[in-house]
Amino acid sequence: MQKFTRLEGLVAALDRANVDTDAIIPKQFLKSIKRSGFGVNLFDAWRYLDHGEPGMDTARRQPNPDFVLNQPRFKGASILLARKNFGCGSSREHAPWALDDYGFRALIAPSYADIFYNNCFKNGLLPIVLPETQVDRIFHDVAAFPGFRLVVDLGAQTLAYADGSQVFGFEVDAFRKHCLLNGLDEIGLTLQHAAEIKAFETKRRLEQPWLFS
């Protein structure tokens with residue numbers, strides 16, 4: 001898993017509440033567990049004017065010019081700003097995979113669905129929770145200033161305007177913070193104990209050889 005320490009990035013603002021995981025990555029694309037290749041179908045039903053199916057050539061599809069991610073000013077955004085209850089609906093882990101594959105590293109919203117929130121940390125995404133008043137302020141400034149950027153410092157737990165004019169603090173669980181800073185998913189955490197696991201397996205093979213015959 002990629003480490004997350006500090007990010008300065010362009011902000012894309014998705015001004016919708018209760019965005020569910022089927023909107024983030026529609027169900028017809030849940031045919032792979034490779035964690036990659038989902039970015040082209042992120043928000044597929046909103047992003048394109050035609051109905052998307054796996055294997056379609058996206059270069060031949062008609063993008064929806066009114067959708068935020070199709071606006072030139074948000075090209076290359078790595079921070080997604082959203083409204084409350086982002087990631088509700090089914091528990092599909094493909095949702096954070098799609099966001100990450102598209103290029104987002106951090107999310108900002110007043111609240112998230114619990115399972116989606118947990119899945120983000122497990123896949124290297126930082127879901128930041130801010131009060132609605134602060135989220136409203138950022139939405140206003142994204143609309144007012146094309147090219148609006150934020151600086152996320154996970155170590156300091158701060159979210160700052162690129163010009164330093166505003167700095168917001170955010171909370172994050174200490175264990176989740178440790179994992180993101182060090183790029184550790186559940187497999188990575190387990191492999192930190194590889195020596196002890198190998199020693200246990202060797203000892204067990206000697207003490208209970210009949211289990212391995």
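For the single chain, residues carry numbers from 1 onward in sequence order. Below, all heavy atoms of this structure are taken into account, side chains as well, without hydrogens, waters or symmetry copies.
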Over 12 foreign heavy atoms within 6.0 Å of [atom1], [X]:
{"X": "E196", "atom1": "CD", "answer": "yes"}
{"X": "I115", "atom1": "CD1", "answer": "no"}
{"X": "D114", "atom1": "CG", "answer": "no"}
{"X": "H51", "atom1": "NE2", "answer": "yes"}
{"X": "I33", "atom1": "CD1", "answer": "no"}

Minimum heavy-atom separation for [X] and [Y], please, with both atom names.
{"X": "A98", "Y": "L42", "value": "CB-CD1, 3.9 Å"}
{"X": "L206", "Y": "P209", "value": "O-CD, 3.6 Å"}
{"X": "A95", "Y": "T21", "value": "CB-CG2, 3.9 Å"}
{"X": "R149", "Y": "E8", "value": "NH2-O, 3.4 Å"}
{"X": "L69", "Y": "A12", "value": "CD2-CB, 4.0 Å"}
{"X": "P110", "Y": "A82", "value": "CD-O, 3.6 Å"}

Any side-chain to backbone donor/acceptor pair from [X] onto [Y]? Under 3.5 Å, distance only.
{"X": "R61", "Y": "D50", "answer": "yes"}
{"X": "Q157", "Y": "F170", "answer": "yes"}
{"X": "D100", "Y": "P96", "answer": "no"}
{"X": "H94", "Y": "I24", "answer": "no"}
{"X": "D101", "Y": "W97", "answer": "no"}
{"X": "R205", "Y": "F212", "answer": "no"}
{"X": "N85", "Y": "C88", "answer": "no"}
{"X": "N70", "Y": "R47", "answer": "yes"}
{"X": "Y112", "Y": "C120", "answer": "no"}
{"X": "Y102", "Y": "F38", "answer": "no"}

Between [X] and [Y], is there a shared hydrophobic cluster once you connect ILVMFWY residues whose side-chain heavy atoms come closer than 4.5 Å?
{"X": "Y117", "Y": "L181", "result": "yes"}
{"X": "F104", "Y": "L7", "result": "yes"}
{"X": "I25", "Y": "V19", "result": "no"}
{"X": "F139", "Y": "F67", "result": "yes"}
{"X": "F43", "Y": "Y48", "result": "no"}

Is it true that the NZ or CZ of R92 lies under 6.0 Å from the centre of F29's six-membered ring and within 45 degrees of the ring axis?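 Geometry flag: not set, cation outside 6.0 Å or 45°.
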Could you check if a side-chain atom of [X] sits within less than 4.5 angstrom of a side-chain atom of [Y], using non-hydrogen atoms only?
{"X": "D163", "Y": "F145", "result": "no"}
{"X": "L150", "Y": "I108", "result": "yes"}
{"X": "D173", "Y": "F121", "result": "no"}
{"X": "I138", "Y": "Y161", "result": "yes"}

Atom pair CG (L99) and CG (N123), whose distance is rounded to the nearest 0.5 Å: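 Going from CG on L99 over to CG on N123, the span is 10.5 Å.
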Is the shortest distance from a Lys or Arg side-chain nitrogen in K84 or E132 to a carboxylate oxygen in the other one below 4.0 Å?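 Here K84 does not pair with E132 in a salt bridge, since their nearest N and O are not under 4.0 Å apart.
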In sequence, state the C-alpha distance, the side-chain angles, and the governing distance for R83 and D136, and then conclude on salt bridge (charged side-chain N to carboxylate O under 4.0 Å, His left out). CA-CA 9 Å; R83 295 296 186 180; D136 288 341; 2.5 Å; yes
I would like to know whether T5 and L154 meet side chain to side chain contact (heavy atoms under 4.5 Å, CB included); could you show each step before the answer? CA-CA 5 Å; T5 54; L154 178 56; 5.9 Å; no
Under 3.5 Å, is there a donor on one side chain and an acceptor on the other for W46 and N64?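 No, no side-chain donor-acceptor contact under 3.5 Å.
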